[in-house]
Amino acid sequence: MIFLAFLFGLLIGSFLNVCIHRWPRDESVVKPRSRCPHCERQIEARDNIPVLSYVMLRGRCRYCSGVISWRYPVVEFLNGCLFAFLVWKFGLDAFTVKAAVFGSMMLVLIFTDIEHYILPDEITLGGLVIGLVLSLFLPMPEGLMKFIWMISGSEPDPRWLSLSESAVGALVFGGGLWVLREMYYRIRGIDGLGLGDVKMAAMMGAFWGFGHTLLILLIGSLVGALVGMIVVLVGGKKWNYEMPFGSYLGAAALIVTIWGDTLFGLYWSALAPAGG
């Protein structure tokens, strides 16, 4: 089952590459069929096998010998590993499917942000809708709304509790980042945060609710700050250089999707002695 999940992940990864290449160019991901970015010749089925074709062709087009980006096999391999790892860790259930869909979306956002500084609406806004719909059928992690309902003394329907957690997660983090973006612009006169990052935060809130999304933003911001500092100090960049913040959020989102409950468990365990 794990090997089949890996193979399926490779196939989906091939489609993710189409999305990464075409969405920033406002092109359809349905047609035409895959073609060489240099000579525009249609890629044959034998040259479109995930990872394997890239290795056999040594990263070049069969017809024009144009160099094919390393990103193609990397995305395919990462998505295959993601699917296989999720099945190994959680088994084949509804959560695994949800995590796999979310993880594939994060890979698209990570690489489009790295290459084009773009976070496609097809993923961010589409993912926001998907997250809200899924919350009606797959229980969200317990978070802010569970606490609020406990204080109120009422017991809501589990499906509405899950939906409310999803909606509040989207509103709090999407709205919160939008407010910070507006404040920064009015103070400095420049955009310090893209609207794509705002939409991405709302999407993550819709998928995972308040607690897990807060953890994603904390980890993503910390990693982004550290990497940014290294790039400035070592790479000679200016402090105001444009940073693909969405890629750091995406990487953090993958970590929290897989190990979020473990990280929360470690946090509460660390607090236990102080409380006891």
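In terms of heavy atoms, Arg60 sits closest to Ile68 at C-CG1, 4.0 Å. Heavy atoms only, all atoms of each residue included: Pro24 and Thr112 are closest at CG-CG2, 4.1 Å. Across Tyr63 and Gln42, no two heavy atoms sit closer than the pair CE1-O, 4.1 Å.
Between the Thr124 side chain and the Gly196 main chain, no donor and acceptor come within less than 3.5 Å of each other. Under a 3.5 Å cut-off, the side chain of Arg181 and the backbone N or O of Leu193 do form a donor-acceptor pair. Side-chain N or O atoms of Ser135 include one that pairs as donor or acceptor with a backbone N or O of Leu132 at under 3.5 Å. Side chain of Asp113 to main chain of Ser247: a donor-acceptor pair is present (N/O by atom type, distance under 3.5 Å, no hydrogens or angles). In this structure a side-chain-to-backbone donor-acceptor pair under 3.5 Å is present from Ser164 to Trp160. In this structure, His38 contributes its side chain and Val67 its backbone to a donor-acceptor pair below 3.5 Å. Remark: side-chain polar atoms of Thr213 are not paired, donor with acceptor, to backbone N or O of Phe210 under 3.5 angstrom. Between the side chain of Arg25 and the backbone N or O of His21, at least one donor-acceptor pair lies under 3.5 Å.
Looking only at side-chain heavy atoms (C-beta outward), Leu136 and Ser162 stay at 4.5 Å or farther from each other. Looking at heavy atoms from C-beta onward, Leu109 lies in side-chain contact with Met200 at the 4.5 angstrom threshold. Side chains of Cys19 and Pro120 form no contact here, defined as non-hydrogen atoms less than 4.5 Å apart. A 4.5 Å side-chain heavy-atom check between Leu214 and Phe173 finds at least one atom pair inside the cut-off. The shortest distance between side-chain heavy atoms of Cys61 and Cys39 falls below 4.5 Å.
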Item to check | Test log, rule side-chain contact (heavy atoms from CB on, under 4.5 Å), inputs Met203 and Ile123 | outcome: CA-CA 9 Å; Met203 169 204 174; Ile123 294 293; 4.3 Å; yes
Next on the checklist: Applying side-chain contact (heavy atoms from CB on, under 4.5 Å) to Trp208 and Glu165, what does each step give before you reach the verdict?
Outcome noted: CA-CA 8 Å; Trp208 302 120; Glu165 181 69 26; over 6 Å; no
Checklist entry - Could you walk me through whether Tyr54 and Trp70 pass the ring-ring contact (aromatic ring centres under 6.0 Å, His included) check? => result CA-CA 9 Å; Tyr54 184 91; Trp70 54 267; 9.6 Å; no
Next on the checklist: Let's go through Ser34 and Val18 carefully: what are the C-alpha distance in whole Å and the side-chain angles of both, what is the deciding distance for side-chain contact (heavy atoms from CB on, under 4.5 Å) to 0.1 Å, and is it a yes or a no?
Outcome noted: CA-CA 8 Å; Ser34 297; Val18 175; 4.1 Å; yes
Next on the checklist: Go through it in stages, so that I can follow the logic: the residues are Glu44 and Arg46, the test is salt bridge (charged side-chain N to carboxylate O under 4.0 Å, His left out), and I'd like the CA-CA distance, side-chain angles, deciding distance and then a yes or no.
Outcome noted: CA-CA 5 Å; Glu44 299 180 20; Arg46 60 174 174 166; 2.8 Å; yes
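Note that CG of Asp47 and CZ of Arg41 are 10.5 Å apart. Values are rounded to the nearest 0.5 Å. Taking CG of Leu4 as the reference point, atom CG of Leu92 lies at 10.0 Å (rounded to 0.5 Å). Rounding to the nearest 0.5 Å gives a distance of 9.0 Å between OG of Ser69 and CZ of Phe111. How far CG of Leu249 is from CG of Leu254: 11.0 Å, rounded to the nearest 0.5 Å. The line from CG of Leu16 to CD1 of Ile20 is 6.0 Å long, rounded to the nearest 0.5 Å. The CD1 atom of Ile110 sits 13.5 Å away from the CE atom of Met105 when rounded to the nearest 0.5 Å.
Around CZ of Arg35, the count of heavy atoms belonging to other residues, nucleotides or ligands within 6.0 Å exceeds 12. In this structure, Phe95 places its CZ atom where more than 12 heavy-atom neighbours from other residues, nucleotides or ligands lie under 6.0 Å away. The 12-atom threshold is exceeded at CZ of Phe90, counting heavy atoms of other residues, nucleotides or ligands nearer than 6.0 Å.
Val198 and Ile130 end up in the same hydrophobic cluster when Ile, Leu, Val, Met, Phe, Trp and Tyr side chains are linked at under 4.5 Å. Side-chain heavy atoms closer than 4.5 Å link hydrophobic residues (I, L, V, M, F, W, Y) into clusters, and following such links, even through other members, never connects Phe15 to Leu7. Hydrophobic clustering keeps Ile216 apart from Leu171 (ILVMFWY residues linked when any side-chain heavy atoms are closer than 4.5 Å, directly or through intermediates). The hydrophobic clustering, which links ILVMFWY residues whose side-chain heavy atoms are closer than 4.5 Å, places Ile12 and Leu52 apart. Under the 4.5 Å side-chain contact rule for hydrophobic residues, Tyr185 and Tyr117 do not share a cluster.
Cation-pi check for Lys199 over Trp178 is not met; the charged atom does not lie both under 6.0 angstrom from the ring centroid and within 45 degrees of its normal. Cation-pi check for Arg159 over Phe137 is met; the charged atom lies under 6.0 angstrom from the ring centroid and within 45 degrees of its normal.
A donor-acceptor contact closer than 3.5 angstrom is absent between the side chains of Ser14 and Asn17.
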Acceptor/donor pairs from residues 74-88 side chains to any protein atom, 3.5 angstrom cut, sequence neighbours excluded:
from: Glu76; atom 1: OE1; to: Val51; atom 2: N; distance (Å): 2.7
from: Asn79; atom 1: OD1; to: Ser104; atom 2: OG; distance (Å): 2.8
from: Asn79; atom 1: ND2; to: Gly9; atom 2: O; distance (Å): 2.9

